[in-house]
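In this chain, residues are counted from 1 in sequence order. From a predicted model like this one, the values you see are computed outputs, not experimental measurements.
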Amino acid sequence: MTRRSCPCGLPGPYEACCGRYHSGSAAASTAEALMRSRYCAFVKGDAGYLLRTWHPRTRPGTLEPDSGTRWTGLEILGTTDGSAFHSAGTVEFRASYRGGSLHERSRFARVDGAWVYVDGEFLP
């Protein structure tokens, strides 16, 4: 039986990639890793993970991912900071879905040592 690569675009299987973040057995060590895991959570419809990894200051009260959106790929276009040595970082990405794509520059910060999504700016 062959395992499919993780929806985030990295070559490993979901369980060894973003699945470990979703289950809580590991934490994303960089802003990019968190970005990839959040994209994967949108693919999987995991609203709980999305809310848990959202900055408390900007987190919505509820979140219901659109089950009709079929995500088809993630392309990381650039990163600024966001490593183990930083307290903030940005990730620019393009997330494709059936019928279009979303281009965003997301801001991330560390809260109690864990990376969280702060907010994002949609780009043309």
Side-chain angles (χ1 to χ4, degrees):
M1 180 171 136
T2 58
R3 292 185 175 201
R4 296 176 55 194
S5 61
C6 188
C8 79
L10 294 177
Y14 166 75
E15 295 78 12
C17 192
C18 294
R20 61 197 171 121
Y21 304 140
H22 295 173
S23 71
S25 65
S29 61
T30 66
E32 180 180 335
L34 183 65
M35 170 59 235
R36 288 181 178 279
S37 72
R38 286 177 56 83
Y39 167 81
C40 193
F42 274 104
V43 170
K44 301 273 186 186
D46 189 344
Y49 180 78
L50 293 166
L51 289 169
R52 284 192 309 277
T53 58
W54 209 310
H55 195 288
R57 184 173 41 85
T58 57
R59 179 187 316 139
T62 61
L63 179 68
E64 294 183 32
D66 183 355
S67 61
T69 301
R70 297 292 174 239
W71 297 101
T72 58
L74 176 66
E75 179 183 7
I76 302 298
L77 303 172
T79 62
T80 304
D81 298 335
S83 78
F85 302 105
H86 299 108
S87 59
T90 62
V91 179
E92 183 178 345
F93 68 92
R94 181 172 291 111
S96 299
Y97 56 89
R98 192 173 294 148
S101 67
L102 170 85
H103 185 187
E104 182 177 315
R105 183 178 303 114
S106 295
R107 292 187 319 132
F108 297 88
R110 284 187 186 269
V111 173
D112 296 329
W115 284 106
V116 293
Y117 170 79
V118 177
D119 59 22
E121 169 190 4
F122 294 115
L123 302 170

Extract all donor-acceptor atom pairs below 3.5 Å that involve side chains of residues 69-78 and protein atoms in other chains or at least two apart in sequence.
from  : atom 1 : to    : atom 2 : distance (Å)
Thr69 : OG1    : Asp66 : OD2    : 3.2
Arg70 : NH1    : Ser67 : O      : 2.9
Thr72 : OG1    : Ser96 : O      : 3.3

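Of the inter-residue distances, the one linking Arg52 atom CZ with Asp46 atom CG reads 6.0 Å to the nearest 0.5 angstrom. Note that the CG atom of Leu34 and the OH atom of Tyr117 stand 10.5 Å from one another [nearest 0.5 Å]. From Cys6, atom SG reaches atom NZ of Lys44 across 7.5 Å, with rounding to the nearest 0.5 Å. Atom CD of Glu121 is separated from atom OG1 of Thr90 by 10.0 Å, given to the nearest 0.5 angstrom. To the nearest 0.5 Å, the span separating CG on Leu102 from CZ on Arg94 amounts to 9.5 Å.
A pairwise comparison of heavy atoms in Val111 and Pro56 identifies CG2-CD, 4.4 Å as the closest pair. The heavy-atom pair separating Pro7 from Val43 by the smallest distance is CB-CG1, 4.0 Å. For the residue pair His55 and Ala109, the shortest heavy atom distance occurs at CD2-CB, 4.4 Å.
Side-chain contact check for Val118 versus Ser106: every heavy-atom pair is 4.5 Å or farther apart. By the 4.5 Å heavy-atom criterion applied to side chains, Tyr21 and Thr53 are not counted as neighbours. The shortest distance between side-chain heavy atoms of Pro65 and Leu50 falls below 4.5 Å.
Between the side chain of Ser87 and the backbone N or O of Arg110, no donor-acceptor pair lies under 3.5 Å. A distance-only check finds no donor-acceptor pair linking the side chain of Arg105 to the backbone of Glu92 [under 3.5 Å]. At distances below 3.5 Å, at least one donor-acceptor pair connects side-chain atoms of Arg59 with backbone N or O atoms of Trp54.
When each of His103, Met35, Arg36 is paired with Phe93, the side chain to side chain contact (heavy atoms under 4.5 Å, CB included) condition holds for Met35 and for no other.
Partners of Tyr49 by ring pair (Phe, Tyr, Trp, His ring centres under 6.0 Å), not counting sequence neighbours, listed by chain and number: His22.
Residues Tyr39 and Tyr14 do not share a hydrophobic cluster, clusters being chains of Ile/Leu/Val/Met/Phe/Trp/Tyr side chains in contact below 4.5 Å. Cluster annotation: Phe85 is not connected to Phe108 through the hydrophobic network of ILVMFWY side chains, with a link wherever side-chain heavy atoms come within less than 4.5 Å.
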